[in-house]
Structure formats: C-alpha cells, structure tokens
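Beneath this line is the structure, given in structure tokens, with notes to follow.
Just so you know, ligand 1 is whichever comes first in the structure, and atom 1 is the first atom listed for that ligand.
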Amino acid sequence: MPRVLLCGELRWAEEECKEIFRGIAEVVQLESPSRTEFFADCKPGGKYDGVVGIYRNNLSIGYIDVFDKELVEHLPSSLKWIAHQGAGYDKVDVEACKARGITVSNTPGAVDDATATTALYLMISALRHFAHAEQTLCAGKWKLSHKAGDAHDLPGRTLAILGLGGIGLRLAELAHAFPMRIMYHARGRNARAPAWCEYFGADRLDEMLAQADVLSVHIPLRSDTAGFVDERMIRTLKKGAVIVNTARGRVVDEDALIRALADGHLGGVGLDVYPNEPKVNSRLLQFPNATLLPHMGAATGDTMKKMEVRALTNLRDFVVHGQCSDVVPEHKQ
Ligand SMILES: O=CC(=O)O
C-alpha cells in the first residue's frame with residue numbers, strides 16, 4: 001500500500017482522515033523533532049521510505065521549518081505530491097518542487113467565506129473606527145476620543161479589490177450588499193465576476209486606485225508580487241482612503257504604508273497579516289486608525305476543518321487518480 005506522510009498534526013479532521021485513506025494508503029505521522037533529523041529520516045531505508053505524498057500545514061514549520069529548496073531536495077525520492085493545507089502556499093517553494101517532478105496543491109475555496117468576512121470586518125472597523133472605540137471603552141474612557149466627522153458610512157463608497165479569486169469575489173458580494181460600488185484589478189477578467197463588478201486591467205490600475213475609498217488586497221505572495229502595493233500605488237489612492245490586507249504582509253510595502261498613515265494620506269488600515277509574523281512592527285501599534293488582527297482570516301473551527309478535509313482529499317485524489325482539482329497555478333503555466 002502507498003504511504004502518505006502528515007507533516008503537521010491534524011486538529012479537526014482526524015476521523016475523516018481515517019475514512020479518506022481507508023484501504024488506499026498507509027498514513028504516517030511526522031516524527032522528526034528537527035529539520036536535521038527530518039533530512040536523515042527521508043534517506044533511503046529511513047522512517048519515510050516509500051512515501052509518495054505529503055500533507056503539510058504551517059504547524060510543521062515548528063519542527064522542520066518551511067518547504068524551501070533545501071528541504072524539497074531532501075524529500076524521499078519516491079515523493080510525487082504535496083497537498084498543502086491553506087490557500088496561501090508561500091511557505092512551499094513550488095519551483096523547487098517542479099524541478100523534482102513533485103506536484104503541489106492548496107485549498108482555495110475552503111477559506112473564502114471566513115477570510116472575506118475578516119476583510120469585511122477590517123473594512124468596517126477602519127471606516128467606522130470601531131477598534132479604537134473598543135480600546136477607549138476598555139480603558140474606562142467610553143468614546144472619548146471618537147471623532148464622528150472622521151468616521152464614514154459604507155453605502156455609496158467605492159471598494160477596489162486587488163486580486164479577484166474566491167476570497168476577493170466573496171468580499172465583492174458581501175460589500176455590494178451595503179451597497180458599495182465594486183471595482184477589481186487582476187491579471188485578467190474573472191469569468192465568475194458579476195456585471196456590477198467593474199474590471200480595471202493593468203493599463204487602468206491607477207484609474208481604479210484614484211477612485212477607491214478602500215483598497216482590499218487579495219493577491220498571493222510570490223516573487224513577482226512582493227511589495228506590489230508600493231509607495232506609488234499607495235499615493236495614487238485618494239487622501240483618506242483605507243487599505244485592508246488579509247492576503248500576505250509582504251505584498252504591501254510596510255514602510256510606505258506606515259509613512260502614509262503617519263502623514264495622514266491614509267485614513268486608516270485594517271490588517272490581518274504582516275511581513276514578519278508573528279512579529280508586528282511596533283510603529284503600527286501607535287495609530288488609533290489601525291485595526292490589527294493576528295492573522296486569523298481562516299481561524300474558525302468550521303473553516304479549519306474544511307481546509308484539513310480538502311487537503312487530505314487532494315492527497316487521496318493524487319494517490320488514486322494521479323491528479324486533484326486544486327493543483328496550484330504554477331503547474332499550469
Ligand atoms: O492564511 C491562510 C491561508 O493561506 O489559508
């Protein structure tokens with residue numbers, strides 16, 4: 001029977017895992033306490049001999065660190081598939097996997113509702129200054145520092161979505177209900193985008209930014225998207241605009257963002273992600289108009305379970321059919 005390796009514990013779908021692989025594969029749990037021992041255990045005759053597929057989550061970083069080129073090169077020679085649990089797969093070097101003939105999948109879709117809801121919360125809080133008001137209440141000062149004139153309603157305002165995948169599209173639907181005007185920029189049009197979702201291609205990106213009251217970031221972190229939201233883009237937004245980021249911290253130039261908060265160009269930010277998690281730049285903590293969450297876009301039991309089941313199902317499909325429906329786009333280019 002083929003062997004599959006779980007890199008990182010399952011927290012929500014242990015029972016489902018038994019069902020998914022029953023009669024299909026032997027499930028082996030990561031037992032190497034360090035990266036060095038993992039490399040030794042991957043050698044022929046080692047603990048993970050004959051493993052054809054890996055399920056990985058970001059908890060495994062605590063033991064064996066990220067799946068960078070070095071780690072990928074040490075994986076057992078029998079390995080063909082890596083099923084990552086998560087929408088963002090920046091902790092897996094997909095190019096190194098491709099070079100070794102290993103196919104990678106992720107779990108898009110499973111996180112759409114939870115992450116779009118997080119972006120919506122951040123947008124509402126940034127426009128209405130709710131997070132800061134909560135802090136003043138907790139400090140026994142009721143709403144002493146609240147300036148109603150600086151807070152804004154959502155209806156009639158314009159939301160620009162950067163990257164219209166599943167999460168961006170779900171946010172578009174939620175925000176359209178206020179109603180807000182919805183615009184998006186992506187590498188191409190999304191065929192699933194409703195007619196009221198206005199597309200701005202690369203040649204019209206500045207036009208979109210200049211009209212936005214809120215820019216919400218939903219593009220994955222890759223070498224070509226690191227720092228994509230740069231000083232120039234931030235300054236193209238109108239004065240008082242708000243930036244929301246639930247994607248990855250490194251997609252936004254954090255120094256430029258902080259400068260724009262400090263000089264009042266930005267009216268606020270709503271952030272769930274940071275460049276050096278779990279560290280948060282202490283300068284961000286000084287702004288009352290910053291709503292900050294500790295990367296919890298997908299952190300609900302319902303969604304975590306959906307993600308685990310989806311990643312395990314992808315791995316099962318790889319083993320049974322040699323393919324799955326969530327292969328990452330890099331394999332299709
Ligand atoms: O950040 C969460 C994810 O990428 O799924």
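- Ring to ring, F130 and Y121 are not that close: their centroids are 6.0 angstrom or more apart.
- Of all the heavy atoms of R248, the ones lying under 4.0 Å from any atom of ligand 1 belong exclusively to the side chain.
- Of the protein's heavy atoms, A87 N, 2.7 Å lies nearest to atom 5 (O) of ligand 1.
- Considering only non-hydrogen protein atoms, atom 2 (C) of ligand 1 sits nearest to H295 NE2, 3.7 Å.
- Using cut-offs of 30° and 60° for the angle between ring planes, the H176 and W196 rings count as parallel.
- For M307, the closest heavy-atom approach to ligand 1 falls below 4.0 Å.
- Of the protein's non-hydrogen atoms, the one nearest atom 4 (O) of ligand 1 is G88 N, 2.7 Å.
- Cation-pi geometry between R204 and F200 is met: under 6.0 angstrom from the ring centre, within 45 degrees of the axis.
- The aromatic rings of H146 and H129 stand perpendicular to each other, their planes meeting at an angle above 60°, with 30° marking the opposite boundary.
- Using a 4.0 Å cut-off to heavy atoms of G86, the atoms of ligand 1 that qualify are 5 (O).
- In this model, no donor atom of one side chain and acceptor atom of the other lie less than 3.5 Å apart for T118 and D272.
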